[in-house]
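Taking it in order: structure first as structure tokens, then the write-up.
Because the structure is predicted, anything quoted here is derived from the model rather than measured. Convention: sequence-line order gives letters A, B, ...; per-chain numbering from 1.
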2 protein chains.
Amino acid sequence: MSGILSNSYPGMGPTGINPINEHMFSNIFSRLQHPQIPQIPKKEEEKKPDNEDDDGPDNAKVNLENMDLWDSFHQFGTEMVITKTGRRMFPSYKTRVTGLNPKAKYCMLMDISAADEPSLSRRYKYHNTRWMVAGKADPELPKRMYVHPDSPATGEQWMNRPCISFHKLKLTNNITDPHGHTILNSMHKYQPRFHIVRCNDLSRIHMTTFRTYIFKETQFIAVTAYQNEKITQLKIDHNPFAKGFRDAGAGKREKR
Amino acid sequence: MSGILSNSYPGMGPTGINPINEHMFSNIFSRLQHPQIPQIPKKEEEKKPDNEDDDGPDNAKVNLENMDLWDSFHQFGTEMVITKTGRRMFPSYKTRVTGLNPKAKYCMLMDISAADEPSLSRRYKYHNTRWMVAGKADPELPKRMYVHPDSPATGEQWMNRPCISFHKLKLTNNITDPHGHTILNSMHKYQPRFHIVRCNDLSRIHMTTFRTYIFKETQFIAVTAYQNEKITQLKIDHNPFAKGFRDAGAGKREKR
DNA sequence: GCCTTTCTCACCTACGTGGGAATA
DNA sequence: GCTATTCCCACGTAGGTGAGAAAG
């Protein structure tokens with residue numbers, strides 16, 4: 001199964017290669033479509049980005065890894081814990097890409113945007129085993145783009161690896177976070193996005209074409225503590241770092 | 001204190017960016033001078049490498065970090081353990097570089113060559129608390145070049161960081177090692193070398209100028225088990241991972 | 001009361017140490 | 001005997017888990 005593809009053409013912007021600096025991507029964010037607003041895909045080569053190696057077009061296809069695992073969370077309403085110091089996502093966001101131009105260079109990016117339509121953005125609460133709308137969304141937070149650490153690399157290199165993993169991305173609710181983690185509002189719904197960018201150099205990323213892929217089953221609500229115990233149990237059952245909480249029957253866990 | 005500088009001009013060679021593949025650097029190794037053979041430094045810009053950004057010359061100076069620690073091992077005869085699966089060096093090999101061209105791009109490399117002159121290459125044994133010559137050296141092993149994982153980066157980036165660390169390089173005695181670790185003969189003497197290469201791209205590394213820096217105090221003998229107990233004690237005293245063997249007096253270590 | 005956030009903790013994963021017994 | 005190597009282990013470092021108490 002492949003993600004929804006959207007093309008967009010971010011304009012010029014300030015350069016820089018520090019992924020912590022949100023200004024680098026500010027113009028890009030403003031031109032990336034919102035996941036709720038459908039857009040007809042355009043052909044990538046309408047306007048050639050200048051100064052990039054052009055060894056011919058490509059026809060990238062993206063698959064989400066761990067689709068079954070994501071689905072099992074999604075059916076109950078995925079929750080992701082956010083903390084002051086930053087918390088990883090589980091399941092991890094991993095993709096596999098085919099159809100790239102083997103010789104061209106690409107950067108692989110990920111970000112997390114509001115899942116609700118901008119005009120209907122809301123906060124949620126968990127009440128009587130159900131998620132309910134609890135009012136209008138809190139103010140937007142600084143957006144951050146996570147650049148896969150192996151960027152840039154050739155299409156051949158991206159396609160040959162078992163997967164493109166974003167497991168090191170961390171979520172936080174600390175609006176002054178100094179580590180470059182992704183800042184989210186608790187009790188809000190989010191949609192991870194995957195971006196393929198053809199460029200030789202991170203500093204030229206603003207001049208190149210973004211292709212954005214969205215997998216609905218990776219939507220989640222950010223929480224500071226799990227609300228749905230079915231989600232908790234899925235995390236314990238599948239995340240190796242939570243193995244200490246398994247054996248649900250007998251010994252389970254010592255009291256402190 | 002700065003290392004000994006030698007310049008060399010590796011010729012054309014097959015391209016590729018997989019650091020595991022020894023063929024990539026085969027022509028480079030053959031042109032890098034042996035540490036025991038003095039050579040008059042040449043001016044770097046004698047012949048300009050083609051296709052590389054040339055924002056002016058640089059005058060790189062390299063310092064070895066942890067010089068005192070290296071010296072304390074060197075006075076007793078440094079030993080490094082090699083294992084089938086690969087073992088890190090301790091002390092770690094770390095440098096600091098100044099005088100690079102801030103805008104130019106560089107790759108930072110490290111390799112480990114025989115410390116003895118080729119015609120006098122030998123194996124050693126440890127007998128009665130002393131290292132002695134024990135015959136002619138074993139056949140040479142495939143040479144591998146360790147590319148610092150942050151390569152390539154600008155001179156500015158290399159100079160701004162606290163140090164350029166090669167702590168992840170691993171030593172092995174497994175001649176069929178599949179991980180790209182550095183393969184050494186046990187009971188032979190070695191000399192680590194640090195290389196600065198000006199190039200925009202690892203795949204063009206064969207066309208560019210190598211500058212090689214050698215610090216005598218990093219010489220060591222490869223062993224499968226420590227021979228000199230003074231070396232063992234220095235490792236235990238300074239390597240955080242060996243903390244479990246400290247407290248030499250009382251409790252020391254439980255028997256199994 | 002309720003809801004949400006923060007903090008510490010035991011318990012994991014993953015892997016870097018030298019010791020020491022077993023092996024060659 | 002002797003020497004060198006291999007293997008497993010207790011014990012570290014480093015850091016990712018949810019639980020549960022406490023605080024807001």
Side-chain angles (χ1 to χ4, degrees), chain A residues 79-92 123-128 132 134-135 138 167-174 179 184-188 221-229 231-248 251-256, chain B residues 79-92 123-128 132 134-135 138 167-174 185-188 221-229 231-248 251-256:
Chain A
E79 301 171 26
M80 297 286 176
V81 168
I82 57 179
T83 68
K84 208 169 178 177
T85 53
R87 198 79 147 189
R88 290 186 179 177
M89 294 170 59
F90 188 88
S92 298
R123 62 175 297 132
Y124 295 81
K125 66 179 173 187
Y126 194 73
H127 188 67
N128 288 339
M132 314 176 62
D138 292 340
H167 68 282
K168 284 191 174 169
L169 180 146
K170 284 189 175 182
L171 311 179
T172 184
N173 56 348
N174 178 13
H179 303 105
L184 303 180
N185 275 319
S186 187
M187 300 304 191
H188 289 58
I221 294 181
V223 295
T224 56
Y226 290 123
Q227 305 296 315
N228 183 346
E229 62 182 15
I231 293 298
T232 310
Q233 200 53 50
L234 279 172
K235 301 254 184 180
I236 289 171
D237 289 344
H238 294 95
N239 188 335
F241 289 108
K243 197 174 272 183
F245 298 98
R246 294 186 190 167
D247 301 323
K252 195 159 187 173
R253 179 80 183 259
E254 297 283 326
K255 266 194 184 171
R256 291 162 52 180
Chain B
E79 301 171 25
M80 297 288 176
V81 167
I82 58 180
T83 69
K84 207 168 177 178
T85 54
R87 200 78 148 191
R88 290 186 179 177
M89 293 170 59
F90 189 88
S92 298
R123 63 176 296 131
Y124 295 80
K125 65 179 173 184
Y126 194 73
H127 188 67
N128 288 339
M132 312 175 64
D138 290 341
H167 68 282
K168 283 190 175 169
L169 179 146
K170 285 189 174 182
L171 311 179
T172 184
N173 56 350
N174 178 11
N185 274 320
S186 185
M187 301 304 192
H188 289 57
I221 293 180
V223 295
T224 56
Y226 290 124
Q227 305 296 314
N228 183 346
E229 62 182 15
I231 293 298
T232 309
Q233 201 53 50
L234 279 173
K235 301 257 183 177
I236 291 171
D237 289 344
H238 294 94
N239 189 335
F241 289 107
K243 198 175 272 183
F245 297 96
R246 294 186 190 167
D247 302 321
K252 195 158 188 175
R253 181 78 184 263
E254 298 282 326
K255 265 194 185 170
R256 291 163 53 182

Exercise. Just how far, in rounded Å, is C1' of C/dC11 from CG of A/N239?
Worked result: 13 Å
Exercise. What integer distance in Å separates A/I221:CD1 from C/dC3:C1'?
Worked result: 15 Å
Problem set entry | Protein-nucleotide distance (A/M89, atom CE; D/dT17, atom P), rounded to Å | 12 Å
For this session: Return the nearest nucleotide to the side chain of A/K235; candidates are D/dA4, C/dG19, D/dG18.
Result: D/dG18
For this session: Ignoring backbone atoms, test whether B/H238 places a side-chain nitrogen or oxygen under 4.0 Å from the OP1 or OP2 oxygen of C/dT17.
Result: no
Seminar exercise, completed: Against the side chain of B/F245, the closest entry in C/dC3, D/dT17, C/dT17 is C/dT17
Problem set entry | Pairwise distance CG(A/N239) to CZ(A/R246) - rounded to 0.5 angstrom | 7.5 Å
Exercise. Would one find a side-chain N or O of B/K243 under 4.0 angstrom from OP1 or OP2 of D/dC11?
Worked result: no
For this session: Would you mind telling me which of D/dT17, C/dT17, D/dT5 lies closest to the side-chain atoms of B/M187?
Result: D/dT5
For this session: Would you indicate, yes or no, if C/dG16 has its OP1 or OP2 atom less than 4.0 angstrom from a side-chain nitrogen or oxygen of B/K170?
Result: yes
Exercise. Out of curiosity, B/R87 CZ to B/T85 OG1, how far, rounded to the nearest 0.5 Å?
Worked result: 7.5 Å
Exercise. Counting only side-chain N and O atoms of B/K125, is one of them less than 4.0 Å from OP1 or OP2 of D/dT3?
Worked result: no
Exercise. Roughly, in whole Å, what's the span from NZ in B/K168 to C1' in D/dT13?
Worked result: 14 Å
Problem set entry | N/O (side chain, A/R246) to phosphate O (OP1/OP2, C/dC11) under 4.0 Å | no
Exercise. Could you give the CG-to-P distance, from A/N128 to C/dC3, as a whole number of Å?
Worked result: 8 Å
Exercise. Over how many whole Å does the gap from B/I231 atom CD1 to C/dT17 atom C1' extend?
Worked result: 16 Å
For this session: Using a 4.0 Å heavy-atom cut-off across all strands, classify B/Y226 as base, sugar-phosphate, or nothing.
Result: sugar-phosphate
Seminar exercise, completed: Between B/Q227 and B/A242, whichever has its closest DNA chain D nucleotide further toward 5' is B/Q227
Problem set entry | Any residue meeting side-chain contact (heavy atoms from CB on, under 4.5 Å) with A/T172, in chain and number order, not counting sequence neighbours | A/N174, A/D177, A/H181, A/I183
Exercise. How long is the line joining NE2 of A/H188 and P of C/dT4, in whole Å?
Worked result: 12 Å
Problem set entry | Distance in angstrom units between B/R87 CZ and C/dG18 C1', rounded | 7 Å
Problem set entry | Of B/G86 and A/S186, the one whose closest DNA chain C nucleotide lies more 5' | A/S186
Exercise. Pairs counted as Watson-Crick or G-U wobble with both distances under 3.5 Å: what dot-bracket string results for DNA chain C, using | for bases tied to another strand?
Worked result: ..||||||||||||||||||||||
Exercise. With respect to the phosphate group of D/dT6, does any side-chain polar atom (N or O) of B/N173 fall under 4.0 Å of OP1 or OP2?
Worked result: yes
For this session: For A/T83, answer base if it contacts any base atom (sugar-phosphate contacts may also be present), sugar-phosphate if it contacts only those atoms, and nothing otherwise; contact means non-hydrogen atoms under 4.0 Å.
Result: nothing
Exercise. In chain order, what residues pass the salt bridge (Lys or Arg N to Asp or Glu O under 4.0 Å) check against A/D138, with sequence neighbours excluded?
Worked result: A/R123
Problem set entry | Side-chain N or O of B/R88 closer than 4.0 Å to phosphate OP1/OP2 of C/dC15 | no
For this session: Measure from the side chain of B/T224, starting at C-beta and using heavy atoms only, and say which of D/dG18, D/dT6, D/dG12 lies closest.
Result: D/dT6
Exercise. What's the shortest heavy-atom distance between A/Q227 and A/M187, and which atoms?
Worked result: NE2-CE, 3.7 Å
Seminar exercise, completed: Between A/M80 and A/F90, the two heavy atoms sitting closest are CE-O, 3.3 Å
For this session: Show your working on side chain to side chain contact (heavy atoms under 4.5 Å, CB included) between B/N173 and B/N185 and close with a plain yes or no.
Result: CA-CA 6 Å; B/N173 56 350; B/N185 274 320; over 6 Å; no
Seminar exercise, completed: From the candidates D/dC7, C/dG18, D/dT13, the one with an atom nearest any side-chain atom of B/P240 is D/dT13
Exercise. For the residue pair B/K235 and B/E79, what are the closest heavy atoms and their distance?
Worked result: NZ-O, 2.8 Å
